[in-house]
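Both backbone and side-chain heavy atoms feed into the values below; hydrogens, waters and symmetry mates do not. Just so it is clear, the structure is predicted and the values come from calculations on it, not from any experiment.
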Amino acid sequence: MKLINKILIGVGMLAAASLTSCDEDGLKTPTQSSFDESVVYSNYTLAEYNVFGIYEVFGHTNCHRGRYLPWYGFNTDIELYNNTTADEKSSIARYSMTVTNGQLNLANGPYNELMGGIERANLAIRGIRQYGNPSVNADMAELLGEALTARALLYTELLKAYGEVPARFNPIDAETIYLNKSDKDVIFKQLLADLEEAFNYMKWPLKSATTATTDRPSLAFAKGLYARLALMASGYSLRPAEGAVGTGDAGTVRLSNDPELQKEVLYPKALAALKDVIDNAGLSLMDYTQLWKEFNNMDKTAGKEVIYVIPSSDTRGRWNYTFAIRTEGNPDWSQGPTSSRGGTAGPVPTLYWKYGDEDVRRDLSCVNWKWVLGPDGKNIPQLAGPNDWYFGKFRLEWQLKSPYNGGNDDGIKPVYMRYSDILLMAAEIANDPACGNRDEAFAKNCLLQVRQRAYKGNEGLASAYVNGLSGQDAIFNAIVDERALEFVGEMLRKQDLIRWNLLKTKIDESKAELKEWMDNAGTEFGPAVWYKYAADGSIQTYGYNEPATTDAAPGEGWECYTNSKGEVATYFKFTSDETGTYSESAQKKLDSFYDNNPDTKQWWPIPEATLVNSQGTLFNDYGF
């Protein structure tokens, strides 16, 4: 049976168990039925269905499917929302959210749905502990480890988006139905302890029936998530003053004062977890193009590079619908009619030139063309203009196993963690003296593996680059850069920049680089761009890395870019001939990074709809 069917059954079982254990006032009663907790959680199949029910919230219309994933993660120094029109959607990207924002101020929005998933996890954890006998039943123990990891995943998503949230680690009762936010340190410590417990129960990829696919967590994911949380907990973030969480405090960007969450405490544990994954999980880096072709074709086979994906059915989810290369018109690969899809966000244009010419990631990560309908009604690629760039990793045209049906859902399971992240987290931690014994050689080796994959066929260039690094600062800065090149479009960057205390700093650097590029692009390369169609149906360009004029074709079969009037024209031009000032579109692009200081608006506010229903117990901080 497919996972999504089991999820739906699990939701029903969970609801039945909940209803038969509560009276009309929500207080516990000893009522017995065929779906009593003692029955559900003493039976592996029924208990497993309820664990599946935890994940079901990801597919809800206004949770990850249609609100969290399409809006979390940008703007950063490498990722930008492409629509520069000022509205409620752009305000999310531009750090000007309000509690009444119509996209997220929903009773069934991501905040409430994720908290609902945590309640499901709490019920499953309590039930398996009480009735599943996990101390002697290995299958039930693995299920308990999965539930603990699922709860940690849900809380990680809440902490990434909202900063501070209520700490709920037991099912709701009359005394806990209304809670204010908790200091995030309380939550971090509980999640880290939960994952340490889960390590004892879970299996490596492909070592059990539950770890055969990447839409269920494995021991590799639990250990990778532990490291990710350790980096978050010991890193910087916007925090209220001590003891002032949930009082409306403006907060400051600072480290935790909790002695249990210092780097010296967490880094050795996190590095041990990552080394265990490296040595024992059986994972490896894939060919970069093949990795993303398999992703778009919804391959969930475990034991390769992808460690975990956000689960959904094959007809749910809006990842490619949101982030794929822009498609305008009815695509040849669609089963039904559609209007424009994809291209909501894309890489900052200047990121393209930060890749080496031999880096295979560049042309997959930074795409400056889109699909349009040609004269014969077939899709053809077309230059998108110098301001609009797309994530080439995500492609509706590569989605062959379950073709996009032309609606709002595409079935894509977003990658949440890859093996390259394990390597780069390990490199970062091993490079820091806080890990107990700084190991530069190990850090460089982890970085080298990622770099050599990127320079397939030119591995010597990768080796020369990494071997030339020396000292903690140089290696750290290289890791900061490498994570940008490796993970652009995967929405990891925002949290990375927050924990490094580089959010505003890096965004300002990127904005300055974009301005310099706009001022000089037409003379450094271009100003013309020539193109021709490649064998795979995509587009090849000339003029991005070398000078090109409008009257000198680079070879046979090349066409020069034309403007909206069909006239051969300069491509990389951002100013008006008459005034010498930026064009309106160029100026809007420059102004689109943020409206407020990102360091003071790192989090989304808990929405008004939730605050109103909290009976006066829940409050936002940070000026919301």
Check Glu113 with Arg67, please: is the shortest side-chain N to carboxylate O separation under 4.0 Å? no

Correct closest heavy-atom pair for Leu158 and Tyr111 would be CD2-CD1, 3.9 Å

Pairing residues for Glu486 by the salt bridge (charged side-chain N to carboxylate O under 4.0 Å, His left out) criterion, not counting sequence neighbours: Arg361, Arg418, Arg453

Residues forming a ring-ring contact (aromatic ring centres under 6.0 Å, His included) with Phe476, sequence neighbours excluded: Trp500

For the residue pair Trp319 and Phe394, does the interplanar ring angle fall in the parallel (under 30°), tilted (30 to 60°) or perpendicular (over 60°) class? perpendicular

For Trp604, give me all partners under ring-ring contact (aromatic ring centres under 6.0 Å, His included), at least two apart in sequence or on another chain. Tyr68, Tyr162

Plane angle bin for Trp389 and Tyr352 - parallel if under 30°, tilted between 30 and 60°, otherwise perpendicular: tilted

Identify, with sequence neighbours excluded, every residue that meets salt bridge (charged side-chain N to carboxylate O under 4.0 Å, His left out) alongside Asp595. Arg94

Mind checking side-chain contact (heavy atoms from CB on, under 4.5 Å) for Asp599 and listing every partner two or more places apart, or none if nothing turns up? Val253, Leu503, Lys504, Asn597, Gln602

CZ (Phe487) and CG (Asp421) are apart, to the nearest 0.5 Å, by 4.0 Å

Can you name the nearest heavy-atom pair linking Thr100 to Glu88, along with the distance? O-OE2, 4.0 Å

So, using side-chain contact (heavy atoms from CB on, under 4.5 Å) as the criterion, who are the partners of Glu397 when residues are at least two apart? Ile325, Trp333, Trp369, Trp371, Arg395

Tell me the ring-ring contact (aromatic ring centres under 6.0 Å, His included) pairs involving residues 448-470, sequence neighbours left out? none

For Tyr308, which residues count as a ring-ring contact (aromatic ring centres under 6.0 Å, His included) partner, sequence neighbours excluded? Phe221

With sequence neighbours left out, which residue pairs that include part of residues 363-372 fulfil the salt bridge (Lys or Arg N to Asp or Glu O under 4.0 Å) condition? Glu328-Lys370

Restricting to side-chain contact (heavy atoms from CB on, under 4.5 Å), what partner residues turn up for Pro527, sequence neighbours left out? Thr570

Quick one: does any side-chain atom of Lys601 pair with a main-chain N or O of Tyr622 as donor and acceptor, under 3.5 Å? yes

Can you name the residues that form a ring-ring contact (aromatic ring centres under 6.0 Å, His included) with Tyr321, not counting sequence neighbours? none

Sequence-distant partners of Arg65, salt bridge (charged side-chain N to carboxylate O under 4.0 Å, His left out), two or more places apart: Asp409

Test of ring centre spacing under 6.0 Å for Tyr544 and Phe572: yes

State plainly whether the residues Arg362 and Asp357 are in salt-bridge range, i.e. N to O under 4.0 Å. yes

